[in-house]
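One structure is given below, encoded as structure tokens.
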Amino acid sequence: MVFPGMVYLSHPTEYGTLYTRAELEELSAICRAHDIPLYLDGARLGYALMSYRTDVTLPDIARLCGAFYIGGTKVGALCGEAVVFTGHHTPKHFLTIVKQHGALLAKGRLLGVQFDTLFTDELYFQISRHAIDMAELLKKGLHEKGYTFYLESPTNQQFLLLRDEEVERLKEQVVFSFWEKPDAEHTIVRFATSWSTTEEDIAQLMQIL
């Protein structure tokens with residue numbers, strides 16, 4: 001069989017759930033024992049780090065992963081991600097490989113300017129915590145209205161189990177993501193808060209619901 005090239009994680013996962021520090025330490029130990037890189041997809045990393053129910057920090061990720069990336073677009077950047085190789089895990093001739101594959105972005109320094117700004121005065125963490133605070137406010141309102149949660153997410157993504165007729169009603173005024181259909185009469189949908197969500201947005205949604 002083909003020898004695996006890496007172990008790939010998403011943190012948070014697509015369902016807004018989080019790995020614990022203990023779980024990451026176990027995975028990291030297994031990867032190191034077999035000389036396999038542990039790679040962490042951090043498209044929503046800020047929302048994982050700022051969750052009120054996580055024990056994982058950015059230094060933990062740098063210590064346990066061979067490589068990870070910090071997503072920018074979901075915390076307000078125009079585009080781009082920052083790939084981080086920890087320790088001595090940077091592939092040889094990495095910049096040359098990027099160019100050979102046609103992935104070297106002209107004026108790429110503009111991407112760097114965004115991350116320089118995000119990581120000045122902890123803006124990245126402040127933006128991410130704001131989204132978490134708005135998600136907690138959203139969750140509280142949804143619980144008070146008696147909505148059924150598909151799962152309890154500790155991040156900015158909240159998943160509801162709705163009857164199909166309720167989904168059709170909400171479509172007329174609310175933007176949300178279809179996730180899956182667990183049966184013929186219900187649909188799982190996702191509401192997501194972000195750096196730009198306001199308390200007024202949440203209040204307006206509660207009125208519609």
Linking I/L/V/M/F/W/Y whenever any side-chain heavy atoms sit under 4.5 Å apart, do [X] and [Y] land together?
X    : Y    : result
V189 : M206 : yes
L160 : I188 : no
L38  : Y19  : yes
I97  : L104 : no
V98  : L111 : no

Which heavy atom of [X] sits nearest to which heavy atom of [Y], and what is that distance?
X    : Y    : answer
L64  : R21  : CD1-O, 4.4 Å
H186 : K181 : O-NZ, 2.8 Å
A131 : T193 : O-OG1, 2.8 Å
L18  : P154 : CD1-CG, 3.6 Å
C31  : V7   : SG-CG2, 3.5 Å
V75  : S128 : CG1-OG, 3.7 Å

Does any part of the side chain of [Y], heavy atoms only, come nearer than 4.5 Å to the side chain of [X], both counted from C-beta?
X    : Y    : result
S153 : L151 : yes
V56  : T20  : no
L24  : L9   : yes
L45  : H11  : yes

State the [atom1]-[atom2] distance between [X] and [Y], to the nearest 0.5 angstrom.
X    : Y    : atom1 : atom2 : result
L170 : E172 : CG    : CD    : 9.0 Å
Q157 : L138 : CD    : CG    : 12.0 Å
I36  : M6   : CD1   : CE    : 10.5 Å
K107 : L105 : NZ    : CG    : 9.5 Å
Y69  : E81  : OH    : CD    : 5.0 Å
N156 : S51  : CG    : OG    : 9.5 Å

Can we call the ring centroids of Y39 and F68 under 6.0 Å apart? no
Step-by-step side chain to side chain contact (heavy atoms under 4.5 Å, CB included) determination, V167 to K171: CA-CA 6 Å; V167 173; K171 275 182 180 179; 3.9 Å; yes
Check this for me: [X], atom [atom1], are more than 12 non-hydrogen atoms of other residues, nucleotides or ligands nearer than 6.0 Å?
X    : atom1 : value
E165 : CD    : yes
E180 : CD    : yes
E23  : CD    : yes
D183 : CG    : yes
K99  : NZ    : no

Distance alone, cut at 3.5 Å: any donor-acceptor contact between the side chains of D133 and H130? no
Consider only side-chain N and O atoms of Q158 and Y147, and report whether a donor and an acceptor are under 3.5 Å apart. no
[X] side chain to [Y] main-chain N or O, any donor-acceptor pair under 3.5 Å?
X    : Y    : answer
T17  : T13  : no
Q173 : I208 : no
T155 : Y47  : no
T73  : A77  : no
T187 : L162 : no

Any salt bridge between R190 and E14, counting N to O under 4.0 Å?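 No salt bridge links R190 with E14.
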Electrostatic pair R169:E166 at N-O distance under 4.0 angstrom: yes
Kindly determine whether E152 and R53 satisfy salt bridge (Lys or Arg N to Asp or Glu O under 4.0 Å), including the steps that lead there. CA-CA 11 Å; E152 285 288 336; R53 288 175 288 281; over 6 Å; no
The ring-ring contact (aromatic ring centres under 6.0 Å, His included) partner of F191 among F178, W179, F176 is F176
F159: which of F149, Y15, Y150 passes ring-ring contact (aromatic ring centres under 6.0 Å, His included):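 In the set F149, Y15, Y150, the residue that makes a ring-ring contact (aromatic ring centres under 6.0 Å, His included) with F159 is Y15.
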Apply side chain to side chain contact (heavy atoms under 4.5 Å, CB included) to residues Y8 and L40 and explain how you reach the verdict. CA-CA 6 Å; Y8 186 111; L40 189 142; over 6 Å; no
Evaluation steps, side chain to side chain contact (heavy atoms under 4.5 Å, CB included), between T86 and R63: CA-CA 7 Å; T86 64; R63 174 174 58 89; over 6 Å; no
Does the side chain to side chain contact (heavy atoms under 4.5 Å, CB included) test come out yes or no for T117 and Y124, once each step is laid out? CA-CA 8 Å; T117 300; Y124 176 80; over 6 Å; no
Knowing that exactly one of D60, T54, I61 qualifies, which makes a side-chain contact (heavy atoms from CB on, under 4.5 Å) with L49? I61
